[in-house]
Every structure is written in structure tokens, then in C-alpha cells.
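As C-alpha cells, the structure follows; a few thoughts come after it.
Naming: A, B, ... by sequence-line order, numbering from 1 per chain. As the structure is a computational prediction, the values presented were derived from the model and not from experiment.
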Protein chains: 2
Amino acid sequence: MTTSQQERLDRFRARQTAQDRNLFGRISGAALSSRSQAKRLLRSVGTLSITEWRVLWDLVEAGPLTVTEMATIQRTDHALISRTIPPMIEKGYVVTTTGAEDRRTSLVAITPSGHTVFDETSATMAQRRTAIKDAFTEAELDTFLALIDRFERIVEGPMPAVSQTEDVA
Amino acid sequence: MTTSQQERLDRFRARQTAQDRNLFGRISGAALSSRSQAKRLLRSVGTLSITEWRVLWDLVEAGPLTVTEMATIQRTDHALISRTIPPMIEKGYVVTTTGAEDRRTSLVAITPSGHTVFDETSATMAQRRTAIKDAFTEAELDTFLALIDRFERIVEGPMPAVSQTEDVA
DNA sequence: ATTTTTTACGTGACAAGTCACATAATTTTT
DNA sequence: AAAAATTATGTGACTTGTCACGTAAAAAAT
């Protein structure tokens, strides 16, 4: 290996180390790993996709919900939920009714069949949550969530405000 | 509003509150918000997509890199990088050469043109990083990264190990 | 009462990201 | 030296997620 190849490798390693402290990349990486794991686990215990599973979990825990409510709970785009519902109706997992008080809304409810496919995932996904519970104390979880809150305040707006001490990398 | 509608709303709110403490959802939400913000910012200062921008940032900081190296740095799938490169070559932002020592690899390097489009984003994206720097002390960043490390150890495997005290939700 | 604004959701079009597989090249094992 | 295993990358096919827009319905303003 030539010196210039070694230098190239050194620069790659330095970059990797530097990015280990980049919160944007770290949070993205953690989220993507989490999603992949969830996907593998769900595939191992049934046929539900991640989004289908999340919908059923919300409905099992909270009863009938609107598309907007589920999107809010799941911190995702309403379009993703909206698109996930019709195939779930076809599979017999959920039913929808137009809102009685607000006919723009549709109220989604789980069916017995939906309960069944959801129940097949429960032990596995509960085990996954337990692993998190075991890994963090309540105080550590509080700290983690407070830090995530702060991060979110920065990434929620169009552009975060910065102090006068800003430096340009 | 009837009592049953009020109860439905109460259950929705309770579910939302409960999910505020769900690390999986919180980390995913934070990552997605971050990605959307980055996308908006990039659109406001040029035409680079998020993945194109990440590629250029890596190349600017570390010099020529292979697809696998960039995927490792960015904690993403090599296929995403692999697919992003040809259009960037067509746009004149990068060039590739087959690795001298390992003809399986291709070494990607930025061009002057790529530097130019990247430079147009630099102030904005640096400002974004500064906002993070301003929001967290070094100690808080250390804590945040340590917690993310721990979370990642749980989500990296096929299934996390759990203690005997596991409970099924 | 009417008009304007806002909201819920469905859809088009697209980007981001993943999984699996194939080919070529390299490394390891025999 | 040959065979087997592993790795780098490209690609097919798909899922996840987003942005923008349109329509219908509701709320707010006039």
C-alpha cells in the first residue's frame, strides 16, 4: 500500500470519526437501523409492514382514530397513513366510517381479523420495547427525551436561529 | 360533543402522551423532521438533493472515497450511494476511477463544478450545524451520543437480548 | 346569509432508503 | 495452483416517506 493510499484511508477514518459526533447523521442512522430491525422482526412473525403495524398498534391502544390523529401520534405524513388504509381494508384488518360530526374525517377501527394479525406480533414487539426499558433507567430516558426535544426544536422550523457567535465550517 | 366523542378524544390524547415516551417513535420523528428541514434548506440555496449533498460533503472533507466508504460514513445503504453517483457524473459534479489496487472499487472524486454547487450550500448548512452547537454543551453532546450509542446497540441486531424481567405489554 | 379561510384526506409524483441478487474481483483456504 | 469464500458495486423491485395539489367540509370573518 502506497503512502497516498494510506493517506486516503487516514482521511476516510478521520471523516468517519468526525461524523460520529454529527447529531444529524447519528440520529438518522439510529432511526434507519431501528426501522430495519422492526421490519425484519415483523417479517419474522407475520406479513404486516411497519406502517400497517403502527396503524394497528394505535387502534388497539386508543380505539378508533382518524387519519390525521394517527399521523400526529406517529409523527409522520398523513399521506402515508392515508395510503396504507385502503389495502388494510381489503385485507380485512380495519374498517372506516365517515365522522358523524365532521364528514371530512374518516374514523378507522380495527377488526377482529386485524386484532389477530396484530396479536401475532405482540410478543416480539413487546420484547423489543423491553430491551429498551432494560437498557435505560427512567432518569436516562428522561434525559434522552429532553435532548431529543431540544434537537427537534432546532429541526422543526424552516431555519434555526443562530447566535451571533456563529462560525462557518 | 357527545360523551363518547370526548372519550375518543381523551384516548387519542392519552395515546399521544404515551408515545411521547416511545424512543423508537421519537427518534424516528426527530430523524424525519431533520431530513425534511435539510431538504427545504437545500432547495432554498440550490438544486442538490440530500443524498447528492452528503456525497459532496464527504468528498470535500475527505477527498476521493469509494461507494462503500461513503455508505459507511453516512450510515446508509451502499445502493443509495451507488445510484446517486451516475446522475452526479452526468451533472459534472463528480468523476470516478476504478481503484488501482482493487479493481472492484470505484473512487469518487469531486470536480470544480461540484465544488461550486456545494459551496453554494455551505453557509446555510454550516448555520444549521451552528444551531446545534449553540443548543448543546460539549458535555450534553457527549451524553446524547452515549445514549444514541446504547440505543443503536439494541436496534442493530436481529433481536435484542432481554433480561428475565421482561414484561409483555 | 354569504364569503373567505382553514382543515381532513386522497392522490400524483417523486426522493430516500432497503433487501436481495448478480457479476467481477480479491482474499482465504485447501 | 485451484477452489471456495468474501467483498465492492450495480441493479431490480419494493417500502417508506414527503411535498404539493385538489375536493369536500367546516370554521371564521364579514
Side-chain angles (χ1 to χ4, degrees), chain A residues 1 12 24-25 28-44 47-55 65-72 74-89 96-108 155-156 158, chain B residues 1 12 24-25 28-44 47-55 65-72 74-89 96-108 155-156 158:
Chain A
M1 183 185 287
F12 159 61
F24 297 115
S28 173
L32 295 175
S33 292
S34 174
R35 186 169 88 184
S36 294
Q37 187 196 50
K39 194 174 169 182
R40 286 197 296 277
L41 289 175
L42 286 173
R43 202 161 50 225
S44 75
T47 57
L48 289 171
S49 71
I50 281 196
T51 317
E52 290 174 334
W53 181 81
R54 285 200 300 252
V55 164
L65 293 164
T66 67
V67 166
T68 301
E69 287 169 342
M70 287 187 279
T72 301
Q74 295 173 26
R75 300 166 191 272
T76 190
D77 202 271
H78 79 278
L80 179 59
I81 309 294
S82 182
R83 259 190 253 277
T84 300
I85 301 297
M88 290 179 80
I89 295 172
T96 64
T97 50
T98 303
E101 187 161 277
D102 184 340
R103 292 203 336 276
R104 292 173 297 181
T105 65
S106 44
L107 217 52
V108 187
V155 298
E156 261 161 11
Chain B
M1 183 186 286
F12 158 62
F24 297 115
S28 172
L32 296 177
S33 292
S34 174
R35 185 168 87 186
S36 292
Q37 187 196 51
K39 193 175 170 185
R40 285 195 296 279
L41 289 175
L42 287 173
R43 203 164 47 228
S44 76
T47 57
L48 290 171
S49 72
I50 281 195
T51 317
E52 290 174 332
W53 180 82
R54 287 200 301 250
V55 165
L65 292 163
T66 67
V67 166
T68 300
E69 286 170 341
M70 287 187 280
T72 300
Q74 294 174 26
R75 299 164 191 274
T76 190
D77 201 271
H78 79 278
L80 179 58
I81 309 295
S82 183
R83 261 190 252 277
T84 299
I85 299 299
M88 290 180 80
I89 294 172
T96 64
T97 49
T98 303
E101 188 160 278
D102 183 340
R103 293 201 337 276
R104 293 174 296 181
T105 67
S106 46
L107 217 52
V108 187
V155 298
E156 262 161 12

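The side chain of D102(B) lies closest to dA25(C), out of dT9(D), dC9(C), dA25(C). When each of dA16(C), dT16(D), dA8(C) is scored by its nearest atom to the side-chain atoms of R104(A), the top-ranked nucleotide is dA8(C). Listed nucleotides: dG17(C), dA16(C), dT11(C). Nearest to the side chain of A79(A): dT11(C). Out of dT16(D), dT26(C), dG10(C), the shortest distance to the side chain of H78(A) is found at dG10(C). Closest to the side chain of S106(B), from the set dC19(D), dT18(C), dT9(D), is dT9(D).
In this structure S34(A) satisfies the side chain to side chain donor-acceptor pair (under 3.5 Å) test together with R128(A), sequence neighbours excluded. Residues that satisfy the ring-ring contact (aromatic ring centres under 6.0 Å, His included) test with F12(B), not counting sequence neighbours, are absent from this structure.
Between the CD1 atom of I50(B) and the CZ atom of R35(B) there is a distance of 6.5 Å, given to the nearest 0.5 Å. Rounding to the nearest 0.5 Å gives a distance of 8.5 Å between CZ of R83(A) and NE2 of H78(A). Atom CZ of R40(B) and atom CG of L42(B) lie 11.0 Å apart (nearest 0.5 Å). Rounded to the nearest 0.5 Å, atoms CG (L80(B)) and CD1 (I85(B)) are 9.5 Å apart.
When side chains are defined from C-beta on, V108(A) counts as touching T96(A), because their heavy atoms get closer than 4.5 Å. Counting heavy atoms from C-beta on, the side chains of R104(B) and T68(B) never come closer than 4.5 Å.
If you take NZ of K39(B) and C1' of dC14(C), they are 7 Å apart, rounded to a whole angstrom. Between R40(B) atom CZ and dA15(C) atom P the separation is 18 Å, expressed in whole Å. Distance, I85(B) CD1 to dT11(D) P: 12 Å, rounded to whole Å. Between the CG atom of L42(A) and the P atom of dT18(C) there is a distance of 16 Å, given to the nearest Å. Separating the CD1 atom of I50(A) from the P atom of dT18(C) is a distance of 11 Å, rounded to the nearest angstrom. The separation between W53(B) atom CH2 and dA16(C) atom C1' is 16 Å, rounded to whole Å. One interatomic measurement links the two molecules: CG of D77(B) to P of dA13(D), which rounds to 17 Å at whole-angstrom precision. The CE atom of M70(A) sits 14 Å away from the C1' atom of dG10(C) (whole-angstrom rounding).
Distance alone, capped at 3.5 Å, places no donor-acceptor pair between the S28(A) side chain and the F24(A) backbone.
Mapping R75(A) and R103(A) onto DNA chain D by nearest heavy atom places R75(A) at the nucleotide closer to the 5' end. Judged by closest nucleotide on DNA chain C, V67(A) is the one of V67(A) and S28(A) placed further toward the 5' end.
At the heavy-atom level, L80(A) lies under 4.0 Å from base atoms of the strands shown. Contacts of I81(B) with the nucleic acid, taken as non-hydrogen atoms under 4.0 Å apart, are absent.
Put simply, R35(A) has a side-chain N or O that comes within less than 4.0 Å of OP1 or OP2 on dG17(D). Between R83(B) and dC19(C) there is no side-chain polar atom (N or O) within less than 4.0 angstrom of OP1 or OP2. Considering only side-chain N and O atoms, S49(A) lies under 4.0 angstrom from the phosphate OP1 or OP2 of dT16(D). Listed pair R43(B) / dA20(D) meets the phosphate criterion, a side-chain N or O lying under 4.0 Å from OP1 or OP2. Contact annotation: T51(B) reaches the phosphate of dA16(C) (side-chain N/O to OP1 or OP2, under 4.0 Å). Close to dG10(C), at under 4.0 Å from its OP1 or OP2, lies a side-chain N or O of S82(A). At least one side-chain nitrogen or oxygen of T68(A) sits closer than 4.0 Å to the OP1 or OP2 atom of dC9(C). Regarding contacts with the backbone of dT18(D), a side-chain N or O of T76(A) is found under 4.0 angstrom from either OP1 or OP2. One finds no side-chain N or O of T105(A) lying less than 4.0 angstrom from the OP1 or OP2 phosphate oxygen of dA25(D).
Defining each end axis of the helix from dA1(C)-dT30(D) to dT30(C)-dA1(D) as the rotation carrying four pairs' C1' atoms onto the next four, with five pairs an end, the two axes are found to diverge by 30° to 10 degrees.
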